[in-house]
Amino acid sequence: MLGGLLLGGLIGSLFFGGMGHGGIGLLEIVLIGVLAYVAISFLRRRQSAPAVPAGYADPGEPPASWRPEPAPGTAVLNAPSAVDTDLARGVSHIRQMDPRFDPARFTEPASDIFFQVQAAWMARDMDGVRPVLTEEMGASMQAQCDQLKAQRRVNRLENIAVRAVDATEAWQESGRDFVTVRFLASLLDFTTDESGAQVVEGSRTEPVKFEEYWTFTRPVGPGPWRLSAIQQAG
């Protein structure tokens, strides 16, 4: 509006002032044309510029949290979990003295020990599996077997179906290697009297699922592993 008033005033002064002094010259006509072009261009820019509502960012600026999308074909890697990292670190330590150690293949001898111990447990006699048990573990399990004998009971583990076996931990401590293996299985777990005729606990027909963590140990370096602990999940 201000530009229009100034332009109008200038034109009026040129026309009417000029007429009072003998008319408008060529210089005045050129000046009027330039001022008119500038004023019209200014008004057009004002009308074409979009208003930005209050509270919104300028549409020409990206938001503060904006991040470019990955280019097509770019791989997005997830960071390894802490469990996987600790297992890999422990395995690397064990391999310093036993380069052939493989946690995936270790599940095979671990499974063999698993079934040997279950059979000895049902027989209530751990003497046959002493070579695969640490001294402390053998004494603890035999004490529980002796308690079952005193109660004239037998804990029976039948139809064992192992669903998963995987190494979950590996480390070294006090000159020894340690590896923990998770066993996920289902089985019939029930307790009877010595004759096996009467079920005093559990069910002969309803299988139960269990998840246990068996830890094996040995002196650092190649050598046989022994079961040192059993821990139930949760």
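All residue numbers refer to positions in the sequence shown, counting from 1.
Panel note: side chain Arg89, backbone Ser92; no donor-acceptor pair is recorded below 3.5 Å. Side chain of Thr217 to main chain of Asp177: a donor-acceptor pair is present (N/O by atom type, distance under 3.5 Å, no hydrogens or angles). Remark: side-chain polar atoms of Ser111 are paired, donor with acceptor, to backbone N or O of Thr107 under 3.5 angstrom. The closest donor-acceptor contact from the side chain of Thr180 to the backbone of Thr168 lies at 3.5 Å or more, if one exists at all. In this structure a side-chain-to-backbone donor-acceptor pair under 3.5 Å is missing from Asp86 to Gly90.
No hydrogens or angles considered: nothing links the side chains of Thr191 and Arg156 as a donor-acceptor pair under 3.5 Å. Residues Gln142 and Asp146 have side chains that bring a donor and an acceptor to within less than 3.5 angstrom of each other. Side chains of Glu212 and Trp214: a donor-acceptor N/O pair is present below 3.5 angstrom, by distance only.
Clustering ILVMFWY residues whenever any of their side-chain heavy atoms sit less than 4.5 angstrom apart, transitively, puts Ile230 in a cluster other than the one holding Phe178. Residue Leu227 is grouped with residue Val162 when hydrophobic side chains (ILVMFWY) are merged at heavy-atom distances under 4.5 angstrom, including chains of intermediate members. The hydrophobic cluster containing Val132 also contains Val181, counting ILVMFWY residues as joined when their side-chain heavy atoms lie under 4.5 angstrom apart, directly or transitively.
Note on ring orientation: taking the six-membered ring where Trp is involved, the planes of Phe106 and Phe216 are perpendicular (angle over 60°, cut-offs 30° and 60°).
Distance check, rounded to the nearest 0.5 Å: CZ of Arg226 to CE of Met137 gives 13.5 Å. With rounding to the nearest 0.5 Å, the separation of CD in Gln96 from CD in Gln172 is 6.5 Å. The CD atom of Gln118 sits 4.5 Å away from the CD1 atom of Ile160 when rounded to the nearest 0.5 Å.
Nearest heavy-atom pair across Asp98 and Gly221 is CB-C, 4.4 Å. Ser186 approaches Arg163 most closely through the heavy-atom pair OG-NH2, 3.2 Å. The two residues Trp121 and Leu157 make their nearest non-hydrogen contact at CD1-CD1, 4.0 Å. Closest approach of Ala170 and Ile94 over heavy atoms only: CB-CD1, 4.1 Å. In terms of heavy-atom proximity, Arg95 sits nearest to Pro103 at NH2-CD, 3.9 Å. The heavy-atom pair separating Leu133 from Met126 by the smallest distance is CD1-CE, 4.0 Å.
Leu184 is listed as a side-chain neighbour of Lys209, based on a closest heavy-atom distance under 4.5 Å.
Test Arg153, Arg124, Gln151 against Glu194 for side chain to side chain donor-acceptor pair (under 3.5 Å) and you get one pass: Arg124.
Within a 6.0 Å sphere centred on CE of Met97, heavy atoms belonging to other residues, nucleotides or ligands number 12 at most. Within a 6.0 Å radius of CZ in Arg204, other residues, nucleotides and ligands contribute more than 12 heavy atoms. Within a 6.0 Å radius of CZ in Arg105, other residues, nucleotides and ligands contribute 12 heavy atoms or fewer. Atom CD of Gln144 is surrounded by more than 12 heavy atoms from other residues, nucleotides or ligands within 6.0 Å.
A salt bridge does not link Asp125 to Lys149: none of the charged side-chain nitrogens sits closer than 4.0 Å to a carboxylate oxygen. Electrostatic pairing of Glu211 and Arg182 counts as a salt bridge here, judged by a charged N lying under 4.0 Å from a carboxylate O.
Aromatic ring centroids of Phe183 and Phe114 lie under 6.0 Å apart.
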